[in-house]
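Everything below concerns the one structure shown next.
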Amino acid sequence: MSHPYFPSFDDNDTVKVGQQNELVDNDMNLNEGSLFQKGLFNVTGVDQDIESGENEQSNSSQIFDGPAGYGFGADDNDFFKVGQSNLMDDSDYNINDASLFQAGVFNVASVDEQDIDSGENEQSNHSLIDDHDAAGGGWKSKFGFGADGNDTVKVDQSNFMIDTDQNANVFEGAQLGFANMTGVDQEIDSGENEQANTSLIGDYGSAGFGYDDNDAFHVSQASLMADADENVNGVETGQFGALNLGHFDQDITSGGNSQSNFSEIWDG
């Protein structure tokens, strides 16, 4: 869209964007199993799984302000303010608890999987501001007299995450007899939380006679994460008899957290 040649043309815009997310997800999850077997040829299998993560918060803002005028005293003194914030409290309490007793001949116990996934929370803010001043900006005239492009841009982005989880896998087993076999697999994944802020600012103007382009840019980005997890894999088992075989596989992953802030300003 084109604008005619107006003296004292004004296009002084004020744009304010406020975005906020708040999430409280304090779960309590419990899997509990108890088994008693007495006889001949006892076979059992246990599978316990808890997934208490993958929360996501995101804010996205895009502002495009095209060149609006040219001529004598053209004004394009814009004010842009973008505020984005995320607040997450994901302090969960997760327990897998299995108890097993077998008495007989040929006892086979398999805890195929005790698994807890209490991570992969994500927070992100994205802000894009593309401002083309009057009397400039590519296809507009570059010969305005006294044209102003004194812009003020303020971007505030913040992430705050509390992810203090308590995770426990517990197995208690006892086998009494002949040819006892026990296999236990326990896994806890309580990491890979991510926070990211991205700010992109493009301010474009072209010089003319008496052209002003006194811009002020303020970008504030902050990421705060408290990820103090307590993870426990516990196995207690007793085998009494002949030809006993036991195998345990225990794994805890409690890392991989990421924070990043990125700001880019193009002032033409």
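Since the model is a prediction, treat every value here as computed from it, not as a measurement. The first residue of the sequence shown is numbered 1, and numbering continues consecutively from there.
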Does L100 reach the side chain of T44, with side-chain heavy atoms less than 4.5 Å apart?
yes
Any side-chain heavy-atom pair from I265 and V219 closer than 4.5 angstrom?
yes
Side-chain heavy-atom pair S127, Q84 within 4.5 angstrom cut-off
yes
Working note: Q221 + S199, criterion side-chain contact (heavy atoms from CB on, under 4.5 Å); need CA distance, chi angles, decisive distance, verdict.
CA-CA 9 Å; Q221 296 174 317; S199 174; 3.7 Å; yes
Under a 3.5 Å threshold, yes or no: a donor from one side chain and an acceptor from the other, between S91 and D89?
yes
Is it the case that over 12 heavy atoms from other parts of the model lie below 6.0 angstrom from the CD atom of E264?
yes
Step by step, would you call M161 with Q123 a side-chain contact (heavy atoms from CB on, under 4.5 Å)?
CA-CA 8 Å; M161 183 188 297; Q123 292 176 317; 3.6 Å; yes
Do F217 and V15 belong to the same hydrophobic cluster, where Ile, Leu, Val, Met, Phe, Trp and Tyr are linked whenever their side-chain heavy atoms lie under 4.5 Å apart, directly or via other members?
yes
Before you tell me yes or no, could you show the steps for D165 and S118 under side chain to side chain donor-acceptor pair (under 3.5 Å), namely the whole-Å CA-CA distance, both residues' side-chain angles and the distance that decides it to 0.1 Å?
CA-CA 7 Å; D165 300 327; S118 181; 2.8 Å; yes
4.5 Å side-chain heavy-atom contact, K154 and D156
yes
Counting only heavy atoms not in F79, do more than 12 sit closer than 6.0 Å to its CZ atom?
yes
Apply side chain to side chain donor-acceptor pair (under 3.5 Å) to Q175 and T182, showing your working.
CA-CA 9 Å; Q175 293 175 316; T182 300; 2.6 Å; yes
N86-N59 side chain donor-acceptor pair, cut-off 3.5 Å:
yes
Working to the nearest 0.5 angstrom, can you tell me the gap between E51 CD and N94 CG?
10.5 Å
Let's go through D65 and F80 carefully: what are the C-alpha distance in whole Å and the side-chain angles of both, what is the deciding distance for side-chain contact (heavy atoms from CB on, under 4.5 Å) to 0.1 Å, and is it a yes or a no?
CA-CA 10 Å; D65 184 46; F80 302 102; 3.8 Å; yes
For the pair F41 and F106, name the ring-plane relationship: parallel under 30°, tilted 30 to 60°, perpendicular over 60°.
parallel
For Q57 and S124: C-alpha separation, side-chain torsions, deciding distance, then whether side-chain contact (heavy atoms from CB on, under 4.5 Å) applies.
CA-CA 6 Å; Q57 292 177 318; S124 65; over 6 Å; no
Polar side-chain atom of D131 near backbone of D203 as donor-acceptor pair, under 3.5 Å
no
Out of D92, N31, N169, I252, which residue meets the side chain to side chain contact (heavy atoms under 4.5 Å, CB included) rule with I116?
N169
One should read off an interatomic distance between F178 CZ and N244 CG, to the nearest 0.5 angstrom, of 9.5 Å
Return yes if a side-chain donor-acceptor contact under 3.5 Å exists between N159 and N197, otherwise no.
yes
Would you say the side chain of D267 lies within less than 4.5 Å of the side chain of D215, judging by non-hydrogen atoms?
yes
Please check if the side chain of Q48 supplies one atom and the backbone of D97 the other of a donor-acceptor pair under 3.5 Å.
yes
Report whether F248 and V111 are members of the same hydrophobic cluster (ILVMFWY, side-chain heavy atoms less than 4.5 Å apart, transitive linking).
yes
Do I201 and V155 come close enough that some side-chain heavy atom pair is under 4.5 Å?
yes
Nearest heavy-atom neighbours spanning S190 and S254:
O-OG, 3.6 Å
Would you say the side chain of I188 lies within less than 4.5 Å of the side chain of N233, judging by non-hydrogen atoms?
yes
Can you tell me how far apart CG (L200) and OG (S263) are? Round to the nearest 0.5 Å.
8.0 Å
Does Q186 reach the side chain of V184, with side-chain heavy atoms less than 4.5 Å apart?
yes
Under the side chain to side chain contact (heavy atoms under 4.5 Å, CB included) rule, collect the residues that match up with E56, sequence neighbours excluded.
E122
Quick one: does any side-chain atom of E120 pair with a main-chain N or O of N55 as donor and acceptor, under 3.5 Å?
no
